[in-house]
K.L.:
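Structure below; questions to follow.
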2 protein chains.
Amino acid sequence: MTADRTTNDVRGDASVTSPPQADPSGSAAKLVRSIPEATVARLAVYLRMLGELAEQGAETVSSEELATATGVNSAKLRKDLSYIGSYGIRGVGYEVASLHHQIERTLGLDRQQAVALVGVGNLGHALAGYSGFGGRGFPVAALFDVDPDLVGIHINGIVVEHVRDIPRVCAERGVTIGMIATPGPAAQSVCDQLVRAGVQCILNFAPVVLQVPEQVEVRKVDLAVELQVLAFHVARRRAGDASDTVVAPSVANGVRDGVHVTNGSAVLPR
Amino acid sequence: MTADRTTNDVRGDASVTSPPQADPSGSAAKLVRSIPEATVARLAVYLRMLGELAEQGAETVSSEELATATGVNSAKLRKDLSYIGSYGIRGVGYEVASLHHQIERTLGLDRQQAVALVGVGNLGHALAGYSGFGGRGFPVAALFDVDPDLVGIHINGIVVEHVRDIPRVCAERGVTIGMIATPGPAAQSVCDQLVRAGVQCILNFAPVVLQVPEQVEVRKVDLAVELQVLAFHVARRRAGDASDTVVAPSVANGVRDGVHVTNGSAVLPR
DNA sequence: CCATGTGAAGGCCTTCACAGCC
DNA sequence: GGCTGTGAAGGCCTTCACATGG
C-alpha cells in the first residue's frame with residue numbers, strides 16, 4: 001500500500017494571523033482566525049494538485065481523494081481547509097475551481113511577487129533558469145552577482161547586475177522576495193542589502209544562519225542537511241536489521257517505522 | 001536583537017531508533033535510545049558549525065555559544081545533544097573535536113554514501129556540479145537522464161548514463177541514496193527503478209508525492225512551496241499593518257510575530 | 001560558581017471519532 | 001448514505017527551571 005506522507009516543517013512559533021478575509025461580522029481585528037505554519041505549507045501542495053485536477057477536467061474532489069493524491073491524512077486535510085473557511089459540500093466534496101481560488105487567495109498568490117536572486121553561480125544559475133517561477137506568479141525580476149564575468153550576462157532575458165546595485169534595482173522593480181544562492185561567507189552581507197532594499201522575505205540557500213530584523217521572514221533550504229538526515233536513516237537501517245534485500249515483507253516486532261515522505265519543498269526541474 | 005531560529009521539519013512519525021551505540025549495559029535491543037527526527041536535522045547544523053569552529057582553532061564551546069551560532073535555543077541544543085550521549089563538561093562546555101566526531105558517528109557520516117542523481121536538466125546539472133557533496137561524504141557516483149543529448153556527456157568527470165541502466169549502474173557502484181531532479185511526470189517511474197536498484201533513501205526535487213515501499217525513506221524539497229509560504233507571509237504583513245517603510249519600530253498591539261528563520265536544508269552554492 | 005543534563009510543564013499539531021448537513 | 005467540519009484526545013517537541021557535577 002506504500003504508505004507515504006508529506007509532512008512539512010514547523011516553526012517554533014505560534015501560528016499566524018490570516019490574510020484579509022471577507023468576514024461578514026464587524027468583529028475586532030484581534031479575533032481573526034489564525035493558520036498554523038504547517039498548514040500553510042500544505043495548502044501550497046493542495047493547490048498544485050487542484051491545478052492538476054482542474055486540467056484533467058475534474059469538477060469536485062473528496063477530502064479522501066485529495067488527501068491520497070497529496071500524501072496526507074484526510075482528517076488533516078479537512079482540518080487544514082477548515083482554517084480558510086467552509087468551502088466543501090457535505091456528501092459531495094470540494095468544488096475544484098472554487099477551492100483552488102480560495103487557497104490562492106489565502107496564500108496571497110492573487111498578486112505577483114517580484115523575486116530577486118543573488119548569486120548566479122552553479123545553483124543560482126539553475127534557479128534563474130527555472131521556468132516554474134514566472135508561471136507560478138513569482139517572476140524573477142532581478143539577478144545579482146559580484147563576479148565580473150557574470151555581471152552583464154543575460155539569463156532568461158534578465159541582465160545580471162552587480163550586488164552593489166541591489167537597493168536601487170530592487171526598489172525600481174518592486175522586489176518583495178529575495179533568494180540568496182551565494183557562498184556562505186557572502187550571504188549575511190547580501191542579506192543586509194536585501195533588507196535595506198525593503199525585501200520582506202528571503203529564501204536562503206547558503207549554509208549560514210542569517211541575522212535579520214524582526215519583520216523579515218527567512219526560510220532556509222539546506223541540501224547538505226537533507227542528505228545527512230537521509231544518511232542517518234541509512235545508518236539506522238543498517239544497524240537495525242540484517243536483511244539487505246530489496247523488500248523484506250516481514251515486519252520486525254515493534255519496528256514498524258517503515259518509510260515515509262518528509263519535509264516540504266520541491267522544484268519543477270524543467 | 002534580530003531574533004532568529006532555524007526550526008526543522010517534522011515527521012508525522014514518532015522518533016527513531018538510534019544507530020549502534022557502545023552501550024556498556026548488555027540490555028536488550030528494545031530499549032535503545034531514540035532520536036527525534038527534528039533533532040537529527042539540527043545535529044547536521046551543529047555539525048557544520050563545529051567544523052567551522054574547529055577550523056578557527058576553538059577547543060571548546062558552550063551550549064550557549066553553539067546555540068546562538070546555529071540559531072537555536074540553548075536548552076534545545078542541550079536536549080538535542082543529550083540524545084546522543086553526555087559528552088559535555090559541566091562548568092566548561094563541549095570539546096569541539098570530540099563533539100564533532102560523536103555527531104558524525106550518530107548521523108552515520110563515518111562511512112561514505114554513494115549518491116545517484118537522476119535528471120541532469122537545469123537543476124540537476126547544478127546539483128551534479130555542486131562540489132559540496134563529495135567533500136561532505138556524499139560523492140556523486142552516477143548520473144542519469146533520458147535525453148540523448150545529455151546521455152554520454154561528462155559532468156565533473158562523471159558520465160551521464162541512460163535511465164534504463166539505473167539498476168545495473170547503481171548496483172555496481174553501491175549507491176545508497178538517490179536524488180530525483182526530473183520533471184514531475186517522470187519522477188515516479190524513476191523512483192521505482194531506484195528502489196528496484198536497492199536505493200534506501202531518496203531526495204525528491206520533483207513536485208510529486210512518490211509512492212515507495214515501507215523501507216524506503218523519502219525527503220522532498222519543493223521550491224515552489226517555499227516561495228508560496230513566503231508569499232503568504234508577505235500578504236499577511238500587507239494585510240496586518242499599513243506601514244511599508246523598511247523598519248517600523250513600533251509594534252502593533254498583539255502582532256508581535258516578527259520574523260524568523262524556518263525550515264531545514266541548505267546548499268553550499270559554490 | 002558556571003555550564004551541563006534532565007524531569008516537568010506547556011504548546012502546537014495530528015489523529016480520532018462523530019455530529020451535522022447535503 | 002456519504003462526506004464535511006470540528007471538539008476532544010493524544011503525541012511530539014520545545015521551553016522552563018533546577019538539580020548535578022566539574
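Every chain is numbered from 1 and lettered A, B, ... according to where its sequence line falls, protein lines coming before strand lines. The figures that follow rest on heavy atoms only: side chains count, while hydrogens, waters and symmetry mates do not.
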K.L.:
Specify the closest pair of heavy atoms between A:Ser34 and A:Tyr83, including all atoms of both residues, with the distance to one decimal.
P.N.:
O-CD2, 3.6 Å

K.L.:
Report the nucleotide, chosen from C:dC13, C:dC22, D:dT4, that has the shortest atom-to-atom distance to any side-chain atom of A:Ser63.
P.N.:
D:dT4

K.L.:
Heavy-atom nearest nucleotide on DNA chain C for A:Ile89 versus A:Thr39: which residue maps closer to 5'?
P.N.:
A:Thr39

K.L.:
Would you say B:Arg78 reaches D:dT20's phosphate, i.e. side-chain N/O to OP1/OP2 under 4.0 Å?
P.N.:
no

K.L.:
Let's see if you can work this out: which of D:dC13, D:dT6, C:dT14 has an atom nearest to the side-chain heavy atoms of A:Lys76?
P.N.:
C:dT14

K.L.:
Quick one: closest heavy-atom pair of A:Ile84 and A:Leu99, and the distance?
P.N.:
CD1-CD1, 4.5 Å

K.L.:
Provide, to the nearest angstrom, the distance between the CD1 atom belonging to B:Ile84 and the P atom belonging to C:dT4.
P.N.:
14 Å

K.L.:
Which heavy atom in A:Ala69 sits nearest to a heavy atom in B:Val209, and how many Å separate them?
P.N.:
O-CG2, 3.7 Å

K.L.:
Under 4.0 Å from any atom of DNA chain D, heavy atoms only: list the residues of residues 90-98 of chain A that qualify, in numerical order.
P.N.:
A:Arg90, A:Gly91, A:Val92, A:Gly93, A:Tyr94

K.L.:
Figure out the CD/P separation between B:Glu64 and D:dA17, and round it to whole Å.
P.N.:
15 Å

K.L.:
Take the protein atom CG of B:Leu99 and the nucleotide atom P of C:dA3, then report the distance between them rounded to whole Å.
P.N.:
17 Å

K.L.:
Report the residue (B:Asp80 or A:Ala75) whose heavy-atom-nearest nucleotide on DNA chain D is the more 5′ of the two.
P.N.:
A:Ala75

K.L.:
What is the distance from CD of B:Gln102 to P of C:dT4, rounded to the nearest Å?
P.N.:
17 Å

K.L.:
Would you say the side chain of B:Leu210 lies within less than 4.5 Å of the side chain of B:Gln188, judging by non-hydrogen atoms?
P.N.:
yes

K.L.:
Using OP1 and OP2 only, check whether a side-chain N or O of B:Lys79 sits under 4.0 Å from C:dT6.
P.N.:
no

K.L.:
Take the protein atom CG of B:Leu77 and the nucleotide atom P of C:dG5, then report the distance between them rounded to whole Å.
P.N.:
10 Å

K.L.:
Please report the distance, rounded to the nearest Å, between CD in A:Glu65 and C1' in D:dC3.
P.N.:
11 Å

K.L.:
Are A:Tyr94 and A:Leu50 close enough that some pair of their side-chain heavy atoms sits under 4.5 Å apart?
P.N.:
no

K.L.:
Check whether more than 12 heavy atoms from other residues, nucleotides or ligands sit under 6.0 Å from atom CD of B:Glu59, and answer yes or no.
P.N.:
no

K.L.:
Nearest to the side chain of B:Ala38 - D:dC13, C:dT14, C:dT6?
P.N.:
D:dC13

K.L.:
In this structure, how many angstroms lie between the C1' atom of D:dC3 and the CD atom of A:Glu59, rounded?
P.N.:
18 Å

K.L.:
Closest to the B:Asn73 side chain: C:dT15, C:dC13, D:dT15?
P.N.:
D:dT15

K.L.:
Whole angstroms only, please: what is the CD1-P distance between A:Ile35 and C:dT14?
P.N.:
14 Å

K.L.:
Distance only, no hydrogens: is a donor on one side chain within 3.5 Å (strictly under) of an acceptor on the other, for A:Thr176 and A:Gln200?
P.N.:
no

